[in-house]
Protein chains: 2
Amino acid sequence: MKSKKRTTIYDIAEKLNIAPSSVSRALNNSSYVKESTKKLILQTAEELNYKMNSLASNLRKGQSKTIGVIVPRINQNFFANVIAGIEDASYKQGYNLIICQSNELYEKEVQCVNTLINQNVDCIVISISVETINYQHLKNILDHHIELIQFDRVADELETLKVINDTLQASYEAVNHLINQGYKRIALLEGPQSLNIFRQRKEGYLQALKKHNIPIIDELMLENAWTKELGAQATRQLLSLPNPPDAIFASTSDFSALGVLEVATAMNIKVPSQLGICGYSNEDFTEITSPSITTIDQFSVDMGKTIANLYFEEMNNSNVSATPKTISIKPKLITRSSTQRSAE
Amino acid sequence: MKSKKRTTIYDIAEKLNIAPSSVSRALNNSSYVKESTKKLILQTAEELNYKMNSLASNLRKGQSKTIGVIVPRINQNFFANVIAGIEDASYKQGYNLIICQSNELYEKEVQCVNTLINQNVDCIVISISVETINYQHLKNILDHHIELIQFDRVADELETLKVINDTLQASYEAVNHLINQGYKRIALLEGPQSLNIFRQRKEGYLQALKKHNIPIIDELMLENAWTKELGAQATRQLLSLPNPPDAIFASTSDFSALGVLEVATAMNIKVPSQLGICGYSNEDFTEITSPSITTIDQFSVDMGKTIANLYFEEMNNSNVSATPKTISIKPKLITRSSTQRSAE
DNA sequence: TAAATTTCGGCAATCGATTGCATTTTTTAA
DNA sequence: TTAAAAAATGCAATCGATTGCCGAAATTTA
């Protein structure tokens with residue numbers, strides 16, 4: 001281990017006075033090598049601290065056993081969990097992960113895609129940035145015969161494998177729950193409508209209202225209430241209306257819901273009796289606020305595992321896969337104090 | 001883009017009837033190509049949707065422009081933030097990240113290391129698992145001439161680049177703060193002492209007590225209170241002592257501190273007047289519990305950036321780097337309600 | 001116009017593992 | 001004992017980009 005260069009199969013071959021091809025076969029446990037020589041080779045490899053050079057192997061084999069993942073932010077709970085799930089399932093199959101974050105920037109997303117294509121990844125898993133409305137870079141992935149799996153924030157019009165939450169349904173159930181708890185004027189904090197998930201969450205809200213013949217009031221639907229601060233701001237606006245809402249569905253995130261809760265608390269408005277609050281994502285903290293916040297669990301780690309396994313299945317079914325599969329995971333409404341009216 | 005194979009420099013060379021070497025030089029913007037042909041080549045590459053094959057390039061160049069990262073869990077706030085920081089800084093230098101999680105398992109950590117060596121990464125960044133007490137796999141990284149950077153949970157005895165928090169100091173300050181707030185019997189929830197960070201947090205606690213001539217009481221120091229549940233359990237034990245503590249420093253994590261708070265609340269013990277609580281890590285939720293929890297911020301994203309930049313510096317200083325550098329980041333005590341006694 | 005530079009561009013080896021095909025060795029059958 | 005079959009091993013090309021070295025073309029100088 002003193003030498004400057006790492007051990008290669010040639011070193012092993014030379015030492016044992018055999019052909020490199022035999023070494024390669026032995027290391028790959030091919031049946032075309034005598035047991036005795038195989039043992040010898042493995043032993044020598046161990047001695048020389050041989051580590052195979054995946055670059056060479058992958059170059060030759062034309063695959064990289066690597067999955068590229070692009071998310072807006074790595075350190076956002078939902079994405080971190082999905083990545084953890086993907087890693088877990090991939091690792092078991094001997095696959096590695098290359099992770100990129102787009103920082104919600106279209107330009108960077110494109111660059112990430114290019115990098116991953118360069119890296120010869122076998123599959124790219126992506127949740128698009130909020131800025132992304134052009135999908136040429138995604139099509140480019142397909143042109144390069146790389147498997148593409150979209151998750152959560154997907155481009156509907158692109159026919160690729162997809163793993164999503166049944167967002168509309170979850171949203172519908174959440175609003176339905178609010179209605180059942182007796183709330184009559186339910187406001188909606190929307191996310192950027194460029195993203196399909198936020199469109200769906202709005203749609204679920206609308207459908208639930210419609211179902212119960214509750215009028216849809218424009219001034220109760222506020223766009224761009226994505227963060228805690230914006231959620232708080234929107235709440236102030238809503239609560240100062242002549243006819244304020246009695247519940248707020250922060251469909252964008254739990255952070256937004258937290259903003260709502262803080263403003264309500266500051267204004268001395270009782271939650272849930274005077275104001276119901278529902279968030280989205282089941283962040284850790286929703287359980288420990290007072291009152292705890294009703295929210296929706298997305299089973300993010302499972303989602304990650306599902307994504308990876310979808311790829312592995314699809315890979316084995318190398319037959320002309322008919323229609324691009326979409327797997328929908330049903331999220332779960334977690335009802336907590338912020339929407340549990342005592343009098344019911 | 002219909003063909004089954006991707007465009008290579010040979011395709012471009014053939015189309016323009018020149019040598020592949022010229023194509024390569026043009027793409028790498030070498031000065032040994034006429035401007036006019038360079039332009040032509042670049043244009044043709046664009047037309048053919050050429051993407052370079054990093055595998056081939058890296059194999060030839062003997063480097064991979066890739067950094068491997070091994071953490072216990074990707075979806076743990078602190079690590080997710082560090083990774084985000086590393087990604088950010090690395091991306092700017094044209095480097096990619098391969099991420100692995102050890103799941104706190106020694107065996108898996110070893111496997112991750114081997115995978116990363118196989119992948120020819122240029123650098124491995126690691127925060128060791130709680131099980132890791134043997135460092136042969138880390139030495140193996142060095143034997144393969146791969147730069148090794150340890151962070152946060154480091155093996156002290158290994159001479160490598162390190163990026164750490166000044167844990168001892170932070171812990172000392174936290175306890176000092178508690179003492180200044182008038183707490184007299186301060187309990188300590190410890191993490192596994194196999195990890196140096198937990199040893200240091202304990203040491204900081206001990207030093208602070210010593211400084212103020214406060215006796216060190218064994219029954220106030222509980223090991224293995226790592227999670228919320230264990231923190232809660234430890235708290236019950238502590239509070240049922242004949243002479244219970246009036247403050248608890250959950251040096252393991254904010255989750256543990258949360259467990260403390262929940263038990264205290266359940267037992268109707270007033271925080272901070274009857275019991276002071278201090279956590280560690282500055283998790284999001286510490287700000288929104290009631291009362292909010294005093295804790296220690298580790299500047300995790302910055303830590304990630306520091307790690308990446310340390311590598312790039314070190315790489316440029318290819319001179320025989322004298323002593324393996326250790327960068328220590330000073331964490332910050334965030335004092336909040338859980339330790340702010342009104343009567344002071 | 002010839003000689004000396006400088007600039008371009010091509011040839012071919014290289015990185016390390018894999019694999020189709022050929023060859024040698026061993027085993028089995030005749 | 002020999003031929004045929006099977007098993008083991010070797011040879012050499014390949015994956016795609018890079019680069020040292022050399023020759024050709026273009027430019028400058030004498």
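Keep in mind that this is a model prediction, so the values were computed, not measured. Protein chains get the first letters and strands the later ones, always in sequence-line order, with residue 1 at the start of each.
A straight line from CD1 of A:I12 to P of C:dG16 spans 13 Å, rounded to a whole angstrom. Between the NZ atom of A:K34 and the P atom of C:dT27 there is a distance of 8 Å, rounded to whole Å. Separating the CD atom of A:E35 from the C1' atom of D:dA8 is a distance of 12 Å, rounded to the nearest angstrom. The distance from atom OH of A:Y10 to atom C1' of C:dA13 is 13 Å, rounded to the nearest whole Å. Spacing between atom CD of A:Q63 and atom C1' of D:dG16 amounts to 16 Å, rounded to whole angstrom units. In this structure, the CG atom of A:L48 is 15 Å from the P atom of C:dG16, given to the nearest Å. Whole-Å rounding puts the A:K61 NZ to C:dT19 P distance at 6 Å. In this structure, B:N17 atom CG and C:dG9 atom P are separated by 13 Å, rounded to whole Å.
Note on A:T37: a side-chain N or O is less than 4.0 Å away from OP1 or OP2 of D:dT9.
Among the heavy atoms of the strands lying under 4.0 Å from A:N28 are primed sugar atoms or P, OP1, OP2 only; no base atom is included. Among the atoms of the strands shown, none is found under 4.0 Å from any heavy atom of B:L27. Nucleic acid contact for A:L55: none, since no nucleic acid atom lies under 4.0 Å from a heavy atom of the residue. B:S54 comes within 4.0 angstrom of no nucleic acid atom, judged by non-hydrogen atoms across all strands. At a threshold of 4.0 angstrom between heavy atoms, the contacts of A:S57 are confined to the sugar-phosphate backbone, with no base atom among them. Residue contacts for A:S22: at a heavy-atom cut-off of 4.0 Å it reaches the sugar-phosphate backbone alone, with no base atom in range. Within the nucleic acid shown, B:T8 comes within 4.0 Å of sugar-phosphate atoms alone, with no base atom in reach, counting heavy atoms only.
Closest to the A:A19 side chain, of the nucleotides D:dG10, C:dA12, C:dA17, is D:dG10. The nucleotide whose nearest atom lies closest to any side-chain atom of B:N53 is, among D:dA17, C:dA12, C:dC21, D:dA17. In the set C:dG9, C:dT18, D:dG16, D:dG16 carries the atom at the smallest distance from any side-chain atom of B:L59. In this structure, of D:dA17, C:dC21, C:dG16, it is D:dA17 that holds the atom nearest to the side chain of B:A56.
Just one residue in the list A:L310, A:I307, A:L116 forms a side-chain contact (heavy atoms from CB on, under 4.5 Å) with A:V125, and that residue is A:I307.
In summary, A:K139 and A:D143 do not engage in a salt bridge, as defined by a charged side-chain N under 4.0 Å from a carboxylate O. Looking at A:E131 and A:K108, no side-chain N of the basic residue comes within less than 4.0 Å of a carboxylate O on the acidic one, giving no salt bridge. B:D88 and B:K92 are joined by a salt bridge, as a carboxylate oxygen and a charged side-chain nitrogen come within less than 4.0 angstrom of each other. The pair B:E87-A:R73 does not meet the salt-bridge criterion, since no charged nitrogen lies less than 4.0 angstrom from a carboxylate oxygen.
For B:R25 and C:dG10, a side-chain-to-base donor-acceptor distance below 3.5 Å is present, hydrogens and geometry of angles not being considered.
Here the side chains of A:T8 and A:N53 are not in contact, with every heavy-atom distance at 4.5 Å or above.
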